[in-house]
Amino acid sequence: MHTVVERELELKLVLSPERSIPVPARLTYRTEDPYAVHITFHITSDSPVYWTFARDLLVEGVFRPCGQGDVRIWPTKVDGNSVICVALTSPDGNALLEVPSAAVAVWVERTLRVVPPGTETERLGIDEGLAELLAPLPADDLWMSDPWPSDESQDGES
């Protein structure tokens, strides 16, 4: 059985130090994809934007700066409020988002209760998939048998 942990919230897209605009978003965690978190921006629009990155990155980003490249996360305070900053970089542009720390921390904690750290691999079903892939099929018996007996005589037959 797969579980989904979701949270809708409003992020702030930082346009300048003095100006930001609200962006509706949805955080999603799926147990069938246990290493990833998904963020959907503009959830009420005709063309939402999707980002996926490592859950570990968000877990660490709640406490300290982390990430490199396309996704960087760090905790800070803005106007006395605890927020988590998420910097996203793509060929289409850059975005700096502020997310309320408490909302993210509670959501992350829910994902960690559903799939504790270090148990993600168990959710992938790799062992079951390999067993199924390597299980002999009825046709394997035909493949393994010799359809052309040897021309050599056996046990002194002539």
Side-chain angles (χ1 to χ4, degrees), residues 1-140:
M1 181 171 97
H2 296 294
T3 302
V4 176
V5 179
E6 288 188 320
R7 170 75 191 254
E8 289 191 13
L9 47 96
E10 189 172 273
L11 289 70
K12 290 183 180 177
L13 175 62
V14 178
L15 302 175
S16 72
E18 301 83 30
R19 186 162 181 245
S20 62
I21 58 172
V23 177
R26 179 183 302 121
L27 294 170
T28 305
Y29 178 76
R30 297 180 185 97
T31 57
E32 71 263 21
D33 190 8
Y35 289 105
V37 294
H38 308 274
I39 300 179
T40 306
F41 301 101
H42 306 292
I43 55 177
T44 57
S45 76
D46 290 337
S47 54
V49 176
Y50 303 96
W51 274 79
T52 301
F53 54 88
R55 177 176 73 160
D56 287 348
L57 190 62
L58 193 54
V59 170
E60 186 176 347
V62 168
F63 301 104
R64 66 187 141 272
C66 64
Q68 56 186 348
D70 293 348
V71 180
R72 291 174 288 125
I73 302 173
W74 65 95
T76 192
K77 288 205 180 271
V78 174
D79 298 328
N81 298 315
S82 294
V83 297
I84 296 174
C85 290
V86 179
L88 303 173
T89 302
S90 79
D92 295 326
N94 303 316
L96 175 59
L97 300 149
E98 294 175 355
V99 189
S101 292
V104 173
V106 167
W107 181 81
V108 165
E109 178 61 33
R110 286 178 55 207
T111 73
L112 295 173
R113 280 196 306 267
V114 171
V115 179
T119 65
E120 295 92 348
T121 303
E122 298 165 17
R123 297 289 181 147
L124 295 176
I126 292 173
D127 291 337
E128 295 83 7
L130 280 174
E132 184 180 331
L133 195 67
L134 299 174
L137 298 171
D140 290 342

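Bear in mind that the values here come from a model prediction, so they are computed numbers and not experimental data.
A 4.5 Å side-chain heavy-atom check between Thr40 and Val49 finds every atom pair outside the cut-off. Contact check for Leu13 versus Phe41: no side-chain heavy atoms found under the 4.5 Å cut-off. Using a 4.5 Å heavy-atom threshold, the side chains of Cys85 and Leu96 count as touching. Residues Arg30 and His38 are in side-chain contact: their nearest non-hydrogen atoms beyond the backbone lie under 4.5 Å apart. Put simply, the side chain of Leu9 reaches to within 4.5 Å of the side chain of Val99, judged on heavy atoms. For the pair Val37/Leu27, no side-chain contact is recorded, criterion being any heavy-atom separation below 4.5 Å from C-beta on.
Within the structure, every pair that satisfies the salt bridge (charged side-chain N to carboxylate O under 4.0 Å, His left out) test and touches residues 4-19, not counting sequence neighbours, is listed here: Glu8-Arg26.
Shown here are the side chain to side chain donor-acceptor pair (under 3.5 Å) partners of Glu109, two or more places apart in sequence or in another chain: there are none.
Atom CZ of Phe53 is separated from atom CG of Leu88 by 7.0 Å, given to the nearest 0.5 angstrom. The OG1 atom of Thr52 sits 9.0 Å away from the CD1 atom of Ile39 when rounded to the nearest 0.5 Å. Atom CG of Leu11 sits about 11.5 Å away from atom CD1 of Ile21, to the nearest 0.5 Å.
Considering every non-hydrogen atom in both Pro75 and Pro65, the closest pair reads CD-N, 3.9 Å. Contact record, Leu57 with Cys66: O-SG, 3.2 Å, taken as the closest heavy-atom pair. Listed here is the closest heavy atom pair of Gly69 and Arg72: O-NE, 4.1 Å. Nearest heavy atoms, Tyr29 versus Ala36: CD1-O, 3.2 Å. When every heavy atom of Trp51 is checked against every heavy atom of Thr89, the shortest pair comes out as CH2-O, 3.3 Å. Nearest heavy atom pair, residue Phe63 against residue Val59, reads CD1-O, 3.4 Å.
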CA sep, side-chain torsions, deciding dist, call: Val78, Glu98, side-chain contact (heavy atoms from CB on, under 4.5 Å): CA-CA 9 Å; Val78 174; Glu98 294 175 355; 3.6 Å; yes

Val23 vs His42, side-chain contact (heavy atoms from CB on, under 4.5 Å): CA-CA, chis, key distance, verdict: CA-CA 6 Å; Val23 177; His42 306 292; 4.0 Å; yes

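Of the possible polar contacts, none joining the Ser20 side chain to the Val14 backbone as a donor-acceptor pair under 3.5 Å is found. Checked by atom type and distance alone, the side chain of Thr31 pairs as donor or acceptor with a backbone atom of Thr3 at under 3.5 Å. In this structure a side-chain-to-backbone donor-acceptor pair under 3.5 Å is missing from Trp107 to Thr28.
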